[in-house]
Amino acid sequence: MFRATHRIMPRAPEPVHVLLLAAIAVQVFVRCTAQAASDQKPLVSRLAQDYNTSLYTISVNNGAPPLVVDLAGTLVWSTCPSTHATVPCQSAACDAVNRQQPPRCRYVDGGWFWAGREPGSRCACTAHPFNPVTGECSTGDLTTFAMSANTTNGTDLLYPESFTAVGACAPERLLASPSLPQSAAGVAGFSGTTPLSLPSQLAAQRRFGSTFALCLPAFATFGDTPVYLPNYDPSGPFDYTKMLRRTPFLTNPRRNGGYYLPVKRISVSWRGPGDIPVSLPAGALDLDVRTGRGGVVLSTTAPYAIMRPDVFRAFAKAFDTVVARDRYSSVARVAGEKPFELCYGGTGGFALMKRAGYDAPAITLELAGATGNWTILNGNYLVRGTCVGIVEMGPEGMPVDGEPAVVLGGMQLENILMVFDLDKRTLGFSRLLEWDLTNCYSASFLLSEVLIYNMANPPIKCLLPPAIVSLVLLLPCMVATGEQLQYKPLVVPLVRDTDTSFYTIPIKNGAPLVVDLAGTLVWSTCPSTHTTVSCLSGACGAANQQQPRRCRYVDGGWFWSGREPGSHCACTAHPFNPVTGECSTGDLTTFAMSANSTVNGTRMLHPEEFAAVGSCAPQRLLWSLPAGAAGVAGFSRRPLSLPSQLAAQRNFGNKFALCMSQFVAFGDAPVYLGMEGRGFVDYRDILPYTPLLTNPRIPGYYLPVKGISVSWSVPETPASLPAGALDLDARTGRGGVVLSTTTPYTVMRPDVFRAFAEAFDTAIIKRSKYTYSNVTRHPPVGPFKLCYNGAFPMRKRPASMDIPTIHLELDGATGTWSWFNGNYLVFAPGAALCVGVLEMGPGGMPVDGEPAMVVGVKQLDWNLLVFDLDKMLMWFSGDLAFRLAGCSYSSQIGCLMTLIPPATAIVSLVLLLSCLVATGDQQPAAYKPKLPLIVPLVRDTNTSLYTIAIKKDDAPLVVDLAGALVWSTCPSSHATVSCLSGACGAANQQQPRRCRYVDGGWFWSGREAGSRCACTAHPFNPVTGECSTGDLTSFAMSANTTSNGTKLLYPEAFATVGACAPERLLASLPAGAAGVAGFSRRPLSLPSQLAAQRSFGNKFALCLPGFAAFGDTPVYIGTEGLGIVNYTESLPYTPLLTNPRNPGYYLPVKGITVSWYGPDVTASLPAGALDMDARTGRGGVVLSTTTPYAVMRPDVFRAFAQAFDAAIDRPKFTNLRRVPAVEPFKLCYNGAFPFRKRPPTWDVPTVDLELAGATGIWRLFTENYMVQTPRGMCVGILEMEAGAGMPVDGEPAMVLGLKQLDTNLLVFDLDKMLLWFSGELSFRLTGCASPF
């Protein structure tokens, strides 16, 4: 509810002193307003329409419940807090409020409500809050409410300002009726004749003019402000307040509020010869000023227009007459649908027009003394396309006070700009804005509204004495300031499709979108049920100004399958395929997207999610787009293109960069080029730029090309173009040179192509006279007309063909755009070399607007293009190979978009990894869970160790289930983490007890200059037991996201804290491995860091070998007879034990048995032999991915070997016998085991691990323990060597090694400490369903 100001009003002074107090108040008020005169800007506030009641609400205090807008309301009222201030009963405000009691007020509570009055409130004023829907009221204290709204200059939202309004307290039961919106806290009266309505109070406080505007259901403005709306004229938007018709409004002296129109006649017209007047009795619409009855009144609390029976009958007759006389339609009257009596149908009913809704009659209100008539068009009265939203008054009378003849309700007022001037008593009104191809949501200040949501709460600059409420309503003067939150730029990979040559970006969760530089919309196929955008929204207005002129509908024009139930007035847009020229009509919706943020163009941070408005499209619109693409992302300068939406949402600059074919960057991010001999240089320091031309008819990017020339080691040869051949005609939108990412090659109009071809041939001939006389023309090949025999020489640097250079001379640019061989040379069949510049064919240009030249994808390849849409400039590089540079994510030569994290990772004393991102910044409080990640898991054949290529430099890391850290070799210069951070504390609790230092104990070479108090950690090699001491740093990594465990979506980058290590610590690890990724439950292990960062569940899965998945994702296995099932539906699970001394995963094994064609043989283990001692950390059964085979303590091994021999010693297979040991295996046999058919493998005993508290037994089948050697079959379970100890830390009783884990699916839930396990998958005749 609204916050009442907590202060006690003083006792009212004697009447003789009132004027003196008022004079003082005026002086103080004038000083305050003089102090902030420049700040008294008009205000704007959003309106919303409640779906259930059709009422409009206004939010005049951020975060508080809204108030219902009542045009006839005289008061502001709301529920009040338990303690609230009061206004003196002898004040002018009290006198004003008590003249305003509605005559038909029914009290809901016996008449009095002042619960919560502040102690000491003497002579407190009471007022009468009134529910305009039910006609009920109450009596409550007059108080003051703290409110706020945004200031505006007519084009933008500026900053929020706070103010107070006098209003009445009301009980909850005045809201209890379902007549008011459930979320509303009260009512805001908008009457123009009473001093305590909201507009009147604001006009008195702020001195910005006694004007307010309503544009239902979108916004209200207070004060004399322009309202800019776009329309069909491309030179817009326009100030619609200067385009309004105006009428006086009448005053009803018997009614406190309400705006009455001077209607003298009503008529109906529709395609016929003249209007049909409504035959009303004389004076039927007149307002009787003596009684206050009659007249035509505006109401925001009645959903539809209501007419007195005599008026309605005459109106219905006229409407029927107009419909019946139309010769071109078969519309006829049909049975009504309550509450609507006038409904029409017939063959198809009212026809649907292209842009402005249904083709239906117009209703005209002829106004006395006005500059034009009020015409009610289709959208302001037609319900569901069939019924007239004008109803007859029932026996209960009119729903508003005063018995008017006609009430114009909310439907008739929607999407009309109405400007009320309370001083001049006039109303300005537009026609239905949809007929101007705009709407209320398209107002300029609403399009910038997203920026206001991030503003801080404003401080008070000036506050008048709180007791002063005099004859003029003097309220506190509050001025606000606010700052806009600026987001970091975004970067996303740009991928070229080899089949179509088009570029896609994996920015939409699940599928890539094609980049279209001239596209005005984002569009994609939609799920079976999707949300919609209101047809009255500004986004809808923007979308429907952008239908391509050459659009051929693929489906007859409509596609809205899957619309969410209850989507009323859903906006439709026109998705357009720029390759085929086809389009469709689909719902406007919102798409979930994500991209990586970047802080300075060189370092990726973390993925960020956002939403973009776009259109749904059918599958058939994807024809000719790259396989797998789900739609198109428009990159034009129009408001619904992807760059424009991101710039408006994120306030990071209206810029974007394309580094073809590597990445797209959104926002004002530096992009660096690696230049030979110069290092990395910002593009602004070395690249030329050109102005971009605006085509008012077409949304593409046009270049100011004034000439084309060709050079080849001799003076340039200009193309002899006709005068103005490349000029853009701004009036018609034709001509010019436009960029296209959906046209494979440059295309020229025939006159331009002929001049260019002649210049190219001339350049070849000039050079051939001196050196290369063997270069001759070749017959055309396919679409290429300029082809040569391929006898061009070779360059040394760069290594490429030495051929002519094509130059585009740009007017007003700082350089010439030169095309080198890679940007136009095409290797064609028959050893021909062709110029990838085509002549326009008989079908016309491949893009809209008939340009003179289209610069296609071939010419844009390997270019860096940076677009500044505010300044309309474009920086361009030309072929980067000729700069001995190129686009790259790495720190190699190219556009430097590296993934190295920033210098430090700031962590609190408690390790808050959920807030630990690459910058050290904290994630927002409402951080949404990210999608799970999945990465390939590869087994090294030499060492049997598993690696994951998760580091961004593609260097693999060894998977160590017991590892507490991530560690790797580091670059020559690396960032460090503070020694005072929580991450440092966590890292240094994890030094392995058996660590042997390889380097005397310290390794910090390459530490970044100035790194003081840098944390050091202990990277540990789990194979050799050696370690080192190195800097704690952060590593850039990436992995693919997945939504269901079977489908890869898109790669996401992230950063993890880890330790630097020297090269010599890599001994005994797989060749090429750069380090180790710890997978334990410790906070700095890889799974723990990802779970904390991404909030996707503290789980991970290993399908050995196959993949590692992080997060709560399903993992499917294919099972014979059952098909594909999730692991939770088919696999047993076991608890995991926690060893307080060691970070590994321990199993609750209570016994080991061996079975084979007879009773199971149980290993006779000493009591408690497999138990883990929680006090010392010794004993137990631990899993290891860094030990090749299972290893048992001698007492456990002897008991196991005895049981295995006993199982083998069966009379069925008398030819089986033990053979001498084959090191390191002690249990070996002569190999006479039988062979299975399914699965096709050796038929050998099964080793069972009996698990306490588990839902199944872990069974080791053939492949999980049997090893074939030259001298027989050996059991791959080893005995711990005397003096050597166990290969892992902690002296366990048994280690389950890689042999035992191979071809297993293991899913770890670290919150519940559970492990799902499959056993050998081949024995299930199955395998993991891998997305790779």
Side-chain angles (χ1 to χ4, degrees), residues 934-949 956-963 1022-1023 1069-1070 1073 1076-1077 1079 1100-1109 1115-1119 1127 1130-1132 1134 1144-1145 1147 1149 1152 1181-1192 1224-1225 1227 1233 1236 1239-1249 1251 1256-1269 1273-1278 1287-1288 1294-1308 1315-1330 1332:
I934 193 165
V935 64
L937 189 62
V938 180
R939 184 178 185 183
D940 178 64
T941 55
N942 294 321
T943 62
S944 298
L945 301 178
Y946 286 97
T947 62
I948 52 173
L957 300 178
V958 173
V959 173
D960 179 11
L961 270 179
V1023 180
L1069 299 186
V1076 169
F1079 270 58
F1100 70 94
L1102 300 177
C1103 196
L1104 300 145
F1107 60 84
V1115 180
Y1116 292 92
I1117 57 176
T1119 303
Y1127 75 92
S1130 61
L1131 298 188
T1134 178
Y1145 297 103
L1147 301 180
V1149 180
I1152 303 173
V1181 179
V1182 69
L1183 305 179
S1184 173
T1185 52
T1186 58
T1187 304
Y1189 301 99
V1191 182
M1192 293 177 173
F1225 311 109
L1227 284 179
F1233 291 98
R1236 291 179 181 269
T1241 185
W1242 298 105
D1243 187 356
V1244 297
T1246 301
V1247 181
D1248 298 333
L1249 305 182
L1251 302 165
I1257 293 172
W1258 191 326
R1259 286 193 163 147
L1260 305 179
F1261 297 103
T1262 312
E1263 296 299 323
N1264 279 143
Y1265 77 89
M1266 193 59 77
V1267 180
Q1268 287 185 279
T1269 73
M1273 304 279 288
C1274 296
V1275 176
I1277 298 176
L1278 313 182
V1288 300
M1294 178 178 173
V1295 177
L1296 282 183
L1298 287 166
K1299 182 68 175 175
Q1300 287 66 50
L1301 303 181
D1302 274 343
T1303 67
N1304 270 254
L1305 171 62
L1306 306 176
V1307 183
F1308 295 79
L1315 167 66
W1316 281 259
F1317 57 95
S1318 68
E1320 184 183 336
L1321 288 169
S1322 62
F1323 266 79
R1324 292 178 173 268
L1325 300 175
T1326 185
C1328 296
S1330 174
F1332 295 100

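One is the number of the first residue; the rest follow in order along the sequence.
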Quiz prompt | Verdict with supporting geometry, V1149 and W1258, side chain to side chain contact (heavy atoms under 4.5 Å, CB included) | solution = CA-CA 9 Å; V1149 180; W1258 191 326; over 6 Å; no
Practice problem: Any chance you could lay out the side chain to side chain contact (heavy atoms under 4.5 Å, CB included) test for V1181 and L1296, step after step, and finish with the verdict? | Solution: CA-CA 7 Å; V1181 179; L1296 282 183; 4.3 Å; yes
Quiz item: side chain to side chain contact (heavy atoms under 4.5 Å, CB included) between M1294 and L1249: does it pass, once the steps are laid out?
Solution: CA-CA 11 Å; M1294 178 178 173; L1249 305 182; 4.2 Å; yes
Quiz item: Can you list the steps and then say if L1069 with L945 is a side chain to side chain contact (heavy atoms under 4.5 Å, CB included)?
Solution: CA-CA 8 Å; L1069 299 186; L945 301 178; 4.2 Å; yes
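Taking the ring-ring contact (aromatic ring centres under 6.0 Å, His included) definition, one finds that Y1265 meets it with F1204, sequence neighbours left out. Under the side-chain hydrogen bond (donor to acceptor under 3.5 Å, both in side chains) criterion, R939 pairs with S944, D1302, not counting sequence neighbours. The side-chain contact (heavy atoms from CB on, under 4.5 Å) search around V1267 returns Y1189, F1225, T1269, K1299, not counting sequence neighbours. Partners of T1186 under the side-chain hydrogen bond (donor to acceptor under 3.5 Å, both in side chains) rule, at least two apart in sequence or in another chain, are S1184. Evaluation of the side-chain contact (heavy atoms from CB on, under 4.5 Å) rule for T1134 yields L1147, P1148, L1251, A1254, L1315, F1317 as partners, not counting sequence neighbours. Residues satisfying the side-chain hydrogen bond (donor to acceptor under 3.5 Å, both in side chains) test with D940, not counting sequence neighbours, are T943. Residues satisfying the side-chain contact (heavy atoms from CB on, under 4.5 Å) test with A962, not counting sequence neighbours, are D960. Every residue meeting the ring-ring contact (aromatic ring centres under 6.0 Å, His included) condition with F1308, not counting sequence neighbours, appears here in chain and number order: F1100, Y1145.
The shortest heavy-atom contact between L1305 and S1318 is N-OG, 2.9 Å. Nearest heavy-atom pair across L937 and L1104 is CD2-CD2, 3.5 Å. In this structure, V1275 and M1266 approach most closely via the heavy-atom pair N-SD, 4.3 Å. Nearest heavy atom pair, residue P1245 against residue F1233, reads CD-CE2, 4.1 Å. Nearest heavy atoms, P1070 versus V958: CD-CG2, 3.5 Å. Considering every non-hydrogen atom in both L1278 and P1224, the closest pair reads CD2-O, 3.4 Å.
You'll find the side chain of L1301 stays beyond 4.5 Å of the side chain of Y946, heavy atoms only. Proximity of V1076 to L957: side-chain heavy atoms (C-beta onward) are nowhere separated by under 4.5 Å. The shortest side-chain heavy-atom distance between L1102 and F1079 falls under the 4.5 Å cut-off. With a 4.5 Å cut-off on side-chain heavy atoms, I948 and P936 do not count as touching. When side chains are defined from C-beta on, M1192 counts as touching I1152, because their heavy atoms get closer than 4.5 Å.
A distance of 7.0 Å separates CG of L1306 from CG of L1183, quoted to the nearest 0.5 Å. One distance of note links CD of E1320 with CG of L1260; it measures 9.0 Å at 0.5 Å rounding.
Side chain of Q1300 to main chain of P1188: no donor-acceptor pair is present (N/O by atom type, distance under 3.5 Å, no hydrogens or angles).
No option in N1264, T1246, D1248 other than D1248 meets the side-chain hydrogen bond (donor to acceptor under 3.5 Å, both in side chains) test with R1259.
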